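Report on the structure given below.
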Protein chains: 2
Amino acid sequence: MSQKLKTTSQRARREDVASVAGVSSAAVSYVLNKTKRLSPEVEQRVLDAARLLNYRPDRIAQSLAGSRTHTLAYMTADIANTYQLEVIKGMQTEALKNDYIVYIFDAAGDVKKYVSHLITRRVDGIFVSAAPDFLSDELLCELRDANIKVLADFSRSTFLPDVSYIMSDMYDGFMQAVGFLKELGHTEIGYLSAFDESCYYDLRLPAFKIAMRKLFGAGVPPIEFGGWPYSTSETLGIRLMTKMLSEHPEVTAIVATNDLMALGAIKAAIACGRRVPEDISVIGIDNIDSSAVSKPSLTTLDQSGNRYGAKIFEILHNDIVAGTSGKYIVPMRLIKRESTGTAPQNVENRILLQE
Amino acid sequence: MSQKLKTTSQRARREDVASVAGVSSAAVSYVLNKTKRLSPEVEQRVLDAARLLNYRPDRIAQSLAGSRTHTLAYMTADIANTYQLEVIKGMQTEALKNDYIVYIFDAAGDVKKYVSHLITRRVDGIFVSAAPDFLSDELLCELRDANIKVLADFSRSTFLPDVSYIMSDMYDGFMQAVGFLKELGHTEIGYLSAFDESCYYDLRLPAFKIAMRKLFGAGVPPIEFGGWPYSTSETLGIRLMTKMLSEHPEVTAIVATNDLMALGAIKAAIACGRRVPEDISVIGIDNIDSSAVSKPSLTTLDQSGNRYGAKIFEILHNDIVAGTSGKYIVPMRLIKRESTGTAPQNVENRILLQE
DNA sequence: TTGTAAGCGTTATCAA
DNA sequence: TTGATAACGCTTACAA
């Protein structure tokens, strides 16, 4: 069939497979891509030949001929962030299952050059992680206009047409968390916030306020702020919790912006003579690994990085295939552990004991 | 010239540039790739046309036509490691400068599938990070035989032909460190090792021993071992240093396997009533960020992650272009800071003081 | 010095 | 159901 078989070639080409199977090279494509059904007998011959030659279609050639490269990109301002790394892994794992590959960039480099690379290499889609906007709207549009699907974190400061956005369902999440505390009998619930009110991309604080309003009506819950420069460390949790306990000793439950701070809050509470959860309950957000093994283990709002990353792939993939775009909300889940318990019966008693 | 200009096309193609410049499409290639000199006038016309159309050659097509994809891969067992991330950034930055892009994989996934991807996508080269051997020799050979340049960490358990290896020059580094201590008058020098003698991929311990032998002759220096399971934390540094001070109070200088442990060692020394560097000098390895700002700042053997990463790119790039392979040794540099000083004059006096 | 044309390994269209 | 054949956008001999 084929007049020039590559004898020295390391890798088998489609034509080689066709020749071994005794069919046309088009037939090979049809069988392997399942793009057209041929006779079972022919299909088997092709499959056998492909296996025999260890044939794997060349992605480069496929990309040139087809319209997709099966390549995505993940762009973030901070690769080193633990949670971010989980998200990346989750996305990569899911991508790999579907024969996609993910470029990972951290925005510390020359963002403009990255964009250029993404376009010349024709990636199918890109995810742009949380604010602040290290990738300008202009560059985002350049990507979009180059026919690359863009999925951005919801917390970007602007919304662009034909760009998709993703967010965790913080509002529902906080409803779960605060609702759970309410069920346990808590009414005095405080919040430890890393960010102050002016931080436009923090959705957690407003979500907390809304949940409190909906479940307890009007009234301002006690909140401690970390302020600028923003950080979300365990140390900050300790500092804010200590402040909270002295300023608002009536509080019997605390929600913290993330697990690290919640862990710090527990330490601070214990240092101040409060037992967790007997005297005070603590809830975190993120469900980081250490939250499951801390003493006491931490009740937390789960947005597993891995699952989130997998979701990112699914959304991008779907948008690419269907040519769609939209705003996507990913549900969160409250993981109940040891750091939460029923509200103490007698608040006065507890305060007396402490003195 | 060109009979069918793409009017609707988003991106300019080479032919478009040729047509605007009034030359053949080959001329465009020659000028842009500097692969052949044309007349200055033609060159200018091409350059102008390219700029006008914002022309950027399609990497996919270049890859198919040419022999290189300008794509590399970095494979590691642990993305989350801080030092590793620095290396990755260093490599990526250097790669980007040279119009290369780097795939990043962590070996937690399906390594075999990664390899398949790398082959079908025809990456030019791959770096495989430190032991243990998460990537089997078999897969390594599959990559190599697919004409992909492989650069592996020196600490792999086996050496394969036509594969390149890279290592930091620990031997020279320890000669610098121990030599510096000798200059300062130290003779009793101890070592804090995370690994025990059986760890085949730890080059630091043998490097320390060799340096001691060369500079001080025979005799066994005092060494404390962390043992299995291997870890290199600050906590371990504290533990080993405490042990060292009680078992070998005559020691006036310490080298630790890495900066984290060295930092722990300083804390332990101070806790035991020893001043650093007046009573005891401490040297670390790695030059992590915090080593520069600790109190006292840490003298350390520098193998900057960024520089190392850049080096990885350079080596791979060169091996790819030249078709070579080899074993590469990257120099280290001793950064002298506050944690080292002249040896105490009177050892007896110091020990007495302490009692 | 410049242009022509044959690949590169696929996909996909269109007759046979 | 199958087999040619034209893209895809570029590199690179080779010819003019």
Side-chain angles (χ1 to χ4, degrees), chain A residues 1-6 8-19 21-46 50 53 55-70 99 119-122 146-147, chain B residues 1-6 8-19 21-46 49-50 53 55-70 99 119-122 124 146-147:
Chain A
M1 293 289 145
S2 155
Q3 43 280 69
K4 46 154 187 173
L5 260 181
K6 274 211 177 156
T8 55
S9 166
Q10 314 286 1
R11 274 178 70 196
R13 295 161 311 152
R14 197 185 45 156
E15 199 177 327
D16 301 327
V17 176
S19 133
V23 298
S24 77
S25 72
V28 177
S29 258
Y30 293 144
V31 173
L32 261 34
N33 301 339
K34 304 188 203 323
T35 168
K36 208 180 249 185
R37 303 289 309 184
L38 303 190
S39 73
E41 189 236 354
V42 167
E43 287 191 352
Q44 199 52 55
R45 281 219 311 273
V46 170
L53 297 177
Y55 171 71
R56 288 172 290 197
D58 185 312
R59 256 293 171 240
I60 307 285
Q62 284 185 317
S63 298
L64 221 213
S67 56
R68 311 257 79 116
T69 56
H70 279 222
D99 262 315
I119 292 175
T120 59
R121 287 169 187 260
R122 292 207 215 149
N147 205 24
Chain B
M1 294 289 146
S2 155
Q3 44 280 68
K4 47 160 184 168
L5 261 181
K6 273 209 176 157
T8 55
S9 167
Q10 313 286 2
R11 274 178 69 196
R13 295 161 312 153
R14 196 186 44 154
E15 201 177 326
D16 301 325
V17 177
S19 129
V23 297
S24 79
S25 72
V28 176
S29 266
Y30 293 144
V31 172
L32 261 35
N33 301 338
K34 305 189 203 322
T35 167
K36 207 180 250 188
R37 303 289 307 185
L38 303 191
S39 72
E41 189 236 354
V42 167
E43 287 191 351
Q44 198 51 53
R45 282 220 308 274
V46 170
L53 297 176
Y55 170 71
R56 287 171 292 196
D58 186 312
R59 260 288 172 244
I60 307 285
Q62 284 184 316
S63 298
L64 222 212
S67 56
R68 313 256 78 115
T69 56
H70 279 222
D99 263 314
I119 292 175
T120 59
R121 286 170 189 260
R122 295 209 214 146
D124 297 335
N147 205 23

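Reminder, nothing fancy here: chain letters follow the sequence lines and each chain counts from 1. In this text the structure is predicted, and so the values were computed from the model without any measurement.
Taking atom CZ of Arg37(B) as the reference point, atom P of dT1(C) lies 10 Å away to the nearest angstrom. Spacing between atom CG of Leu64(B) and atom P of dA7(D) amounts to 17 Å, rounded to whole angstrom units. The distance between atom CZ of Arg11(B) and atom P of dG9(D), rounded to the nearest whole Å, is 9 Å. Protein atom CG of Leu32(A) is 16 Å distant from nucleotide atom C1' of dA12(C), rounded to whole Å. Leu53(A) has its CG atom 15 Å from the P atom of dG9(C), to the nearest Å. A straight line from CD1 of Ile60(A) to C1' of dC8(D) spans 13 Å, rounded to a whole angstrom. Rounded to an integer number of Å, the gap from Arg13(B) CZ to dA7(D) P is 12 Å. Distance, Arg59(A) CZ to dT11(C) C1': 13 Å, rounded to whole Å.
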Please enumerate all protein N or O atoms sitting under 3.5 Å from an N or O of nucleotides 12-16 of chain D, with distances to 0.1 Å.
from    : atom 1 : to       : atom 2 : distance (Å)
dA13(D) : N6     : Tyr30(B) : OH     : 2.5
dC14(D) : N4     : Lys36(B) : NZ     : 3.1

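Among the nucleotides dG3(C), dG3(D), dG9(C), the one closest to any side-chain atom of Ala27(B) is dG3(C). When each of dT2(D), dC10(D), dT10(C) is scored by its nearest atom to the side-chain atoms of Tyr55(B), the top-ranked nucleotide is dC10(D). Between dG9(C), dG9(D), dT2(C), one nucleotide has an atom nearer to the side chain of Leu38(B) than all others, and that is dT2(C).
Between Arg59(B) and Thr69(B), every side-chain heavy-atom pair lies at or beyond the 4.5 Å cut-off. Val46(A) has its side chain out of reach of Tyr30(A): every pair of non-hydrogen atoms, C-beta onward, lies at least 4.5 Å apart. Counting heavy atoms from C-beta on, the side chains of Arg14(A) and Leu32(A) never come closer than 4.5 Å.
Sequence order on DNA chain C of the closest nucleotides to Pro40(B) and Ala61(B) puts Pro40(B) first from the 5' end.
A donor and an acceptor atom, one from each side chain of Ser63(B) and Arg122(B), are nowhere located under 3.5 Å apart.
Counting only distance, with no hydrogens or angles, the side chain of Arg45(A) and the backbone of Ala21(A) share a donor-acceptor pair below 3.5 Å.
At least one side-chain nitrogen or oxygen of Ser39(B) sits closer than 4.0 Å to the OP1 or OP2 atom of dT2(C).
Backbone-only contact: Arg122(A) has heavy atoms under 4.0 Å from sugar-phosphate atoms and none from a base.
Residues Ile60(B) and Leu64(A) approach most closely at CG2-N, 3.6 Å, considering heavy atoms.
Arg68(A) CZ: more than 12 foreign heavy atoms inside a 6.0 Å radius.
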